[in-house]
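Quick caveat, the model's predicted, so the values are computed rather than measured. The figures here come from the full heavy-atom set of this structure, side chains too, leaving out hydrogens, waters and symmetry mates.
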Amino acid sequence: MYIEACYRFLEHFRVVKNASDHSVRGYATDLNSFKEYLESQLHVGAKKDDLPEKIDYHQPYRKSERDNLLKLELIDRRMIRGFLARLNMDEKSKRTSARRLSTLRSFFKYSILQKWITINPTEDLEHPKLEKKLPVSLNYDQVTHLFNQPDTETWLGFRDRTIMELFYSSGLRVSELVSLNIEDFDQGSLTIKLKGKGKKERIVPITKNAADWIHKYLAYPDRQFFDNNSAVFLNKNGTRLTTRSVDRKFDLYLRSSGLAGKITPHTIRHTIATHWLENGMDLKIIQALLGHSSLTTTTIYTQVSTKLKRKVYDEAHPRA
C-alpha cells in the first residue's frame, strides 16, 4: 500500500497543489529513501518481475504483490526515528534529514485525510535543528567577470549571456527562467510575466539592458530558425531549455571564471537582492519582485550585506 499511496500523494501534490516538477522530484526522492528503509525493516526483497527499485513519478502506478507487504499501518514512530538515525549514520546532512522528515509529515497527513491510517507516526517528532546559512552573493567585479565568460559570437553563447543579464536584472529563479515564453516578454513596458512557485504568476520589471539582450537574442539568425517554438530560451536542438541544462552551463562558466565552489545560478538571485537592498530599495518591494510569500525570507539579505553592516556601524559609532 505504501507505494500506491506515494503515487497518489505525488499526483495530488502536482495537480491540486500546483507543485513544480522540481518539487515533485524532490518529494519522490525523499519517499524513495524511506521506501528503501521500510523494505529493509519489513524484509521485503525485490523480484525480477516486480516494480522498479524507485518510485518513478513520471509513470503511472502498477499494482504488485510487493506493495501488499509494505503496509502503511505497520509504520510507527519508532520506525520513523530509526529512519532518521539511519540517515545520521549514513552521514546525511541535517538539512537532508529535515527535508525528508518534512516530506514524510506531509505524506502521512495526506494519508490521514484519505483515511488510509488513523495515527500519524510523525506527530510530535522533533525537527532536526538547522544552522541558518546566509546566502552567498557576488560583488560587482565578480558579476562582470562571470558575465564575460560566454562567447557571444555564437548564438548559444549569446543566449547564455542573455540569461545572466536577465538573472541579474530581475532575480529570477531558474525554474521561472526556463518556463518563459516569448509572449511573456514585453519590451515596450520593460516587464516579463513569471510563473513562480505554486504556479503563481507575477509581473516584474526588467532593465533596458536586459530587454535589449533578449531582443537581440530572439533576433539572432540561429535562434530564428526555431521560431515555431514559443519558449524564449532553447537548447541547440530547438527545444525548451531545462533547469539542469542551465545548472550545467553555469558550472562550466563558473569553473572558467575561477568562481566555482558554492556559487550557483541561484547566487545571482541572491546577489541582485543584496545589491537592491544596498542601493536603498524597500524590503517589501524586494519581496514582491522575488516572489517571496513571507517577508521573513527576504530579511535574510539584511544580514548578508557587508556594506549595510558598515553603514549601520558608522551611523551608530560615536564621533569625536
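No chain of hydrophobic side-chain contacts below 4.5 Å, direct or via other Ile, Leu, Val, Met, Phe, Trp or Tyr residues, connects Leu125 to Ile119. The cluster map of Ile, Leu, Val, Met, Phe, Trp and Tyr, joined by side-chain heavy atoms under 4.5 Å apart, puts Leu194 and Ile203 in different clusters. A continuous path of hydrophobic side-chain contacts links Met164 to Tyr140 [ILVMFWY only; heavy atoms under 4.5 Å]. The cluster map of Ile, Leu, Val, Met, Phe, Trp and Tyr, joined by side-chain heavy atoms under 4.5 Å apart, puts Ile206 and Met281 in the same cluster. A continuous path of Ile, Leu, Val, Met, Phe, Trp and Tyr side chains, each step under 4.5 Å between heavy atoms, connects Phe226 with Phe233, placing both in one hydrophobic cluster.
Taking CZ of Arg248 as the start and OG1 of Thr243 as the end, the distance is 9.0 Å to the nearest 0.5 Å. One finds the CG atom of Leu146 at 7.0 Å from the CG atom of Leu138 (value rounded to the nearest 0.5 Å). In this structure, CG in Leu38 is found 4.5 Å from CD1 in Ile75, a value given to the nearest 0.5 Å. Atom CG of Leu259 is separated from atom OG of Ser257 by 3.5 Å, given to the nearest 0.5 angstrom. We find the OG-CZ distance between Ser40 and Arg86 to be 5.0 Å, quoted to the nearest 0.5 Å. Atom CG of residue Leu277 and atom CG of residue Asp282 lie 9.5 Å apart, to the nearest 0.5 angstrom.
In terms of heavy atoms, Ile272 sits closest to Phe167 at CG2-O, 4.1 Å. Leu72 and Ser111 get closest at one heavy-atom pair: CD1-OG, 4.2 Å. Shortest non-hydrogen contact noted between Asp30 and Arg99 is OD1-NH2, 2.6 Å. Here the shortest heavy-atom pairing between Val232 and Arg223 reads O-NE, 3.3 Å. Minimum interatomic distance between Ile286 and Ala273 (heavy atoms only, all atoms of both residues): CD1-O, 4.0 Å. In this structure, Gly171 and Leu290 approach most closely via the heavy-atom pair O-CD2, 3.6 Å.
Judged purely by atom type and a 3.5 angstrom limit, Asp251 has no side-chain atom pairing as donor or acceptor with the backbone of Asp247. Here the side chain of Asp76 pairs a donor or acceptor atom with the backbone of Met79 at under 3.5 angstrom. Thr271 places a side-chain N or O within donor-acceptor distance of the main-chain N or O of Thr267, the cut-off being under 3.5 Å. Between the side chain of Asn279 and the main chain of His275, a donor-acceptor pair closer than 3.5 Å is present.
The shortest distance between side-chain heavy atoms of Glu165 and Thr207 does not fall below 4.5 Å. In this structure, the side chains of Ile163 and Leu177 come closer than 4.5 Å at one or more pairs of heavy atoms. Side-chain contact between Lys249 and Pro150 is absent, with no heavy-atom pair separated by less than 4.5 Å. Phe250 places a side-chain heavy atom less than 4.5 Å from the side chain of Ile268. Residues Arg269 and Leu172 are not in side-chain contact: their nearest non-hydrogen atoms beyond the backbone lie 4.5 Å or more apart. When side chains are defined from C-beta on, Arg105 does not count as touching Glu123, because their heavy atoms never get closer than 4.5 Å. With contacts defined as side-chain heavy-atom distances shorter than 4.5 Å, the pair Arg159/Thr162 does not qualify. For the pair Tyr7 and Pro60, the minimum side-chain heavy-atom distance is 4.5 Å or more.
Salt-bridge annotation for Lys92 and Asp90: absent, with no side-chain N of the basic residue lying under 4.0 Å from a carboxylate O of the acidic one. With respect to Asp212 and Lys208, a salt bridge is recorded, a charged nitrogen being found less than 4.0 Å from a carboxylate O. A salt bridge is defined here as a Lys NZ or Arg NE, NH1 or NH2 lying under 4.0 Å from an Asp or Glu carboxylate O, and Glu176 with Arg202 meets this definition. A salt bridge does not link Asp151 with Arg161: none of the charged nitrogens is closer than 4.0 Å to a carboxylate oxygen.
Here the two rings, on Tyr2 and Phe107, have centers that are under 6.0 Å apart. Ring centers of Phe185 and His215: at least 6.0 Å apart, outside the cut-off. For an aromatic pair to be called close, the ring centres must be under 6.0 Å apart, and Tyr217 with Phe158 fails this.
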*Take Ser23 and Arg14, measure what side-chain contact (heavy atoms from CB on, under 4.5 Å) needs, and give me the verdict at the end.*
CA-CA 9 Å; Ser23 296; Arg14 185 206 306 273; over 6 Å; no
*Verify side-chain contact (heavy atoms from CB on, under 4.5 Å) between Phe147 and Tyr168, making sure each step is shown before the conclusion.*
CA-CA 10 Å; Phe147 284 19; Tyr168 188 69; 3.7 Å; yes
*Please test Asn120 against Arg77 for side-chain hydrogen bond (donor to acceptor under 3.5 Å, both in side chains), starting from the C-alpha separation and ending with a verdict.*
CA-CA 8 Å; Asn120 185 341; Arg77 191 176 303 173; over 6 Å; no
*Can you list the steps and then say if Thr242 with Val178 is a side-chain contact (heavy atoms from CB on, under 4.5 Å)?*
CA-CA 6 Å; Thr242 65; Val178 298; 5.8 Å; no
_Using the rule given for side-chain contact (heavy atoms from CB on, under 4.5 Å), can you reason through Leu104 versus Arg100, listing the C-alpha separation, both sets of side-chain angles and the distance that settles it, and then say yes or no?_
CA-CA 6 Å; Leu104 289 176; Arg100 291 193 173 156; 5.6 Å; no
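A tilted orientation is assigned to the rings of Tyr37 and Phe83, their planes being inclined by 30° to 60°. Between Tyr110 and Phe9, the two ring planes are tilted [angle within 30° to 60°]. Ring geometry, Phe34 versus Phe108: the interplanar angle exceeds 60°, so the pair is classed perpendicular (tilted spans 30 to 60°).
In this structure, Arg25 places its CZ atom where more than 12 heavy-atom neighbours from other residues, nucleotides or ligands lie under 6.0 Å away. Remark: Glu153 CD is loosely packed, at most 12 non-hydrogen atoms of other residues, nucleotides or ligands lying under 6.0 Å away.
The closest side-chain donor-acceptor pair between Ser93 and Thr96 falls under 3.5 angstrom. Between Thr239 and Asn237, the side chains place no donor N or O within less than 3.5 Å of an acceptor N or O (distance only, hydrogens not considered). Under the 3.5 Å distance criterion, with hydrogens and angles disregarded, a donor-acceptor pair is assigned to the side chains of Gln149 and Ser256. A side-chain donor from one of Ser189 and Asp186 sits under 3.5 Å from a side-chain acceptor of the other.
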